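Only one structure is covered here, and it is reproduced in the block below.
Quick caveat, the model's predicted, so the values are computed rather than measured.
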Amino acid sequence: TRHNKPLSLCIMRNPGNDKKIVLSAATTIAMALAANAQTSTTDAPTNAPTKQPTPSPTSSPTVLAGCPPLWAVGGVNSSYDPGTLVSHPDATTGGDIRSVYECEAAPYNLYCPQLGYEPGTRYGPQAWKRLGSCDSSVAFVSPTQGPTSSPTVSPTLGAWEKGGCPREFDDTLATTYGTDEAVARAGTVYGCGVEPGRCNQAGYEPGTGQEWDTAWTVLGSCTGTIVPTVSPTGVAWEKGGCPGAYATGTTYTEGQAIENGGNVFECKPWPHVQLCGQAGYEPGASLHWDAAWTRLGTCDGTMNPTSIPSSSRSSLPTSSPSFARWELEGCPPVFALQTAYKAGERVALQGLVFECKDGAASPHCGQAGYEPGTGQEWDTAWKILGSCTGTIAPTPAVTIEKWENVGCPEDYDGSATYDANSIVALTGVVYQCKPHPDTGFCKMHNPDSEWGYLGWKTLGSCTGTLSPTANPTKGPTSSPSLSPTYNQWDKAGCPPSFDESLGTAYAALETVARGGVVYECKPWPNNPQCNQAGWEPGMGELWRDAWTVLGSCTGTIAPTTSPTRVVLPTWEKVGCPEEYDASKTYAAGDAVSAYGSRVFECKPWPDTGFCDMFSPEDAAHGGMGWNTVGGCTGTFAPTGAPTGAPVTTAPDFSDCAVPPYDVSANYGAGAIVRVDGDVYRCKPIPFSLWCNNPGYMPGTTHSGDAWDLDTSLAC
């Protein structure tokens, strides 16, 4: 600050969790001044790290001929590089004999020139490692570089086992390296680690980058001619030649092979396939490329676009006598390249009939290289049904059966949001949105698009429109639920009629009558649907998700409230507990009263949290946190806990170091949270995208899609 120079940042390593702490220059200056103010260099410098020192050897190595330069505050050009040797007199030596120290690897080398970390002092082992002794009365001869150069390579480094040097590291950082690929730099051989995306990034340069040892491993020293081969440890791709080159922004399919930097990569299956064309996942070059791609080997040259391996994928003859006649008369439409074929669709080519395979293979059916019978990968997308002759069948949709209902549902709307089991029509075909976890794709893809199968299920073909009638009890088109096969309900008369205005919130197991049939509202989590449009009992496609048929009924509707809701067992205790209070916090097992004379008990984990969110009288959501345990009369005795059995209290995890799960927090891959005494870890990309969704809260039904239970960290 004396010279108005801008402040920089200093980086420390927290030895407790091996994470970096970024300190401003002002903090660093304060630390240095505090250390300089000490009367003895043995006093602890401010904020000294707690890195465990390397134990000194019990016997010193051979005394070096001559000593490296003496240690000095500030070092050479205000710093010491990792591996730099210095000498320093200490209490264990005398006269011309000094101790030799080596500056530690990054980031601990940042402390090597600082006062308070002087070699041989109390905190010196945080920055320096003692190697032995030296004789200062003779000229210094470096073990590796001669008498005048400062050694930066450990004198104990052995020779690389393969002899000679591999190719030099590209200091421009333009070269992509593969796993285990070896390079040479300043006479040292380094091997690229299991995360090759880092090996050509700034800050990871072998031997000098601040985090180089997280990307590279020292393999030894080398001399001689640099080996000119590329990636000597790579295995050649089995198919020969190179596939098409990678291009960011391209839509890739699972299993598709590409070339990048002389290496062949294969796009991973769902759900990783969605990452293959995105920026930040370039195969072999980006930090997280292996989340989307698998490396298959090296390649050279180009692939023959028409040649077919001498295997089961050989081209088929135009009239093979080994294929039986197709089951139908004539041939289906002729195959056309770049046509979007659907699963189950049939084509003809060279007198043979092929059917597009189902599942992940169907998007390939119209692509080059997958032409039925001739493309190099044709049998991954098509299967042979037989041979054919005659006129081409004029109707391509012969395999789609008629939908079971009359008319077509509403047309698909790309701007709408669809729930599980939603039914739409598109170009005369009926589709149903798949259940969780595929429901989200119904909004992303049209049912008949290349990726439509991810969210939609084909139900059949349709014509016309569905009947728009709303109330099935009026007119001759009444609800078909008046089935004569329903047995008589076991109670006399009919329960209250279903509220056609949808204004009544039905509780779990509540009964209604509609069209002479008795329906019972299903338990949570289905009961919120019992008063929603589309789930009216006995009408439409979805009502069975919310209602259960109990039988048929006749007679006068009972004027009283449904008897199935009044007859409750008497609560085991005398009197009624306190009424539910939305301002209070409830624990598992807590009892409250509601509706005047009903007793509800807070459910155990993982449903306990809902007790504070919803009242037992909330017909739509109360069942999420509360169980009905009986009826009660009077008031609860105000006395304390009985003197018999001890009161069991919920365990206290407030002292646990792991933070509790927070629905408002933003979690990423590797995040650790606690739910009571269980610890969960957020899964890697792409599953970590669900960690911020309350529907995947740790410990709930679907939490396994986003979180892993970490038993090693349980509180």
Taking [Y]'s backbone N and O only, do any of them form a donor-acceptor pair with [X]'s side chain (distance below 3.5 Å, no angle check)?
{"X": "Lys522", "Y": "Arg544", "result": "yes"}
{"X": "Trp293", "Y": "Tyr281", "result": "yes"}
{"X": "Asp499", "Y": "Ser501", "result": "yes"}
{"X": "Lys357", "Y": "Asp379", "result": "yes"}

Measuring from [X]:[atom1] to [Y]:[atom2], what's the distance to the nearest 0.5 Å?
{"X": "Gln432", "Y": "Leu459", "atom1": "CD", "atom2": "CG", "result": "5.0 Å"}
{"X": "Leu454", "Y": "Gln274", "atom1": "CG", "atom2": "CD", "result": "7.0 Å"}
{"X": "Lys434", "Y": "Asn421", "atom1": "NZ", "atom2": "CG", "result": "12.5 Å"}
{"X": "Lys443", "Y": "Ser415", "atom1": "NZ", "atom2": "OG", "result": "6.0 Å"}
{"X": "Trp626", "Y": "Arg598", "atom1": "CH2", "atom2": "CZ", "result": "15.0 Å"}
{"X": "Tyr246", "Y": "Asn263", "atom1": "OH", "atom2": "CG", "result": "14.5 Å"}

Considering residues at least two apart in sequence or located in another chain, which fulfil the side-chain contact (heavy atoms from CB on, under 4.5 Å) criterion with [X]?
{"X": "Gln256", "result": "Tyr252, Thr253"}
{"X": "Thr463", "result": "Lys402"}
{"X": "Leu709", "result": "Asp678, Tyr680, Thr711"}
{"X": "Met613", "result": "Phe610"}

**Prompt:** Is Lys457 atom NZ crowded by more than 12 heavy atoms from other residues, nucleotides or ligands, each under 6.0 Å away?
**Reply:**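 No, the 6.0 Å shell around NZ holds no more than 12 heavy atoms from other groups.
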**Message:** With side chain to side chain contact (heavy atoms under 4.5 Å, CB included) as the test, pick out the partner of His445 among Pro447, Cys442, Ser449.
**Reply:**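 For His445, the side chain to side chain contact (heavy atoms under 4.5 Å, CB included) test succeeds with only one of Pro447, Cys442, Ser449, which is Ser449.
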[Y] and [X], any side-chain heavy atoms less than 4.5 Å apart:
{"X": "Trp378", "Y": "Glu371", "result": "no"}
{"X": "Ser552", "Y": "Trp489", "result": "no"}
{"X": "Phe265", "Y": "Cys276", "result": "no"}
{"X": "Val347", "Y": "Pro372", "result": "yes"}
{"X": "Val429", "Y": "Asp448", "result": "no"}
{"X": "Asn527", "Y": "Tyr506", "result": "no"}
{"X": "Glu327", "Y": "Leu385", "result": "no"}
{"X": "Arg295", "Y": "Trp289", "result": "yes"}

Side-chain donor-acceptor pairs under 3.5 Å in residues 684-696, sequence neighbours left out?
{"unit_1": "Asn692", "atom_1": "OD1", "unit_2": "Tyr667", "atom_2": "N", "d": "2.3"}
{"unit_1": "Asn692", "atom_1": "ND2", "unit_2": "Asn666", "atom_2": "OD1", "d": "2.7"}
{"unit_1": "Asn692", "atom_1": "ND2", "unit_2": "Tyr667", "atom_2": "O", "d": "3.2"}
{"unit_1": "Asn693", "atom_1": "OD1", "unit_2": "Gly695", "atom_2": "N", "d": "2.9"}

**Asked** Charged N to carboxylate O below 4.0 Å: is that the case for Lys683 and Asp708?
**Response**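 Counted as a salt bridge, because a side-chain N and a carboxylate O are separated by less than 4.0 Å.
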**Those residues that, when tested against Gln367, pass side chain to side chain donor-acceptor pair (under 3.5 Å) (two or more places apart)** =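 Side chain to side chain donor-acceptor pair (under 3.5 Å) check on Gln367 returns His364.
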**Request:** For Asn526, enumerate each residue passing the side chain to side chain donor-acceptor pair (under 3.5 Å) test, keeping only those at least two apart in sequence or located in another chain.
**Result:**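 Checked Asn526 against side chain to side chain donor-acceptor pair (under 3.5 Å); zero matches.
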For [X], check ring-ring contact (aromatic ring centres under 6.0 Å, His included) against everything at least two apart and list the hits.
{"X": "Tyr341", "answer": "Phe335, Trp382"}
{"X": "Phe614", "answer": "His621"}
{"X": "Tyr412", "answer": "Tyr418, Trp456"}

**Item:** salt bridge (charged side-chain N to carboxylate O under 4.0 Å, His left out) involving Asp419 - partner list, sequence neighbours excluded
**Value:**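 Partners of Asp419 by the salt bridge (charged side-chain N to carboxylate O under 4.0 Å, His left out) criterion come out as none, since no residue qualifies.
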**Asked** How would you list, by chain and number, every residue that makes a salt bridge (charged side-chain N to carboxylate O under 4.0 Å, His left out) with Lys383, sequence neighbours excluded?
**Response**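 Testing Lys383 for salt bridge (charged side-chain N to carboxylate O under 4.0 Å, His left out), a comparison that skips the adjacent residues, returns Glu355.
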**Request:** Would you mind telling me which of Trp543, Phe498, Trp535 makes a ring-ring contact (aromatic ring centres under 6.0 Å, His included) with Tyr519?
**Result:**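 Running ring-ring contact (aromatic ring centres under 6.0 Å, His included) over Trp543, Phe498, Trp535 with Tyr519 returns exactly one hit, Trp543.
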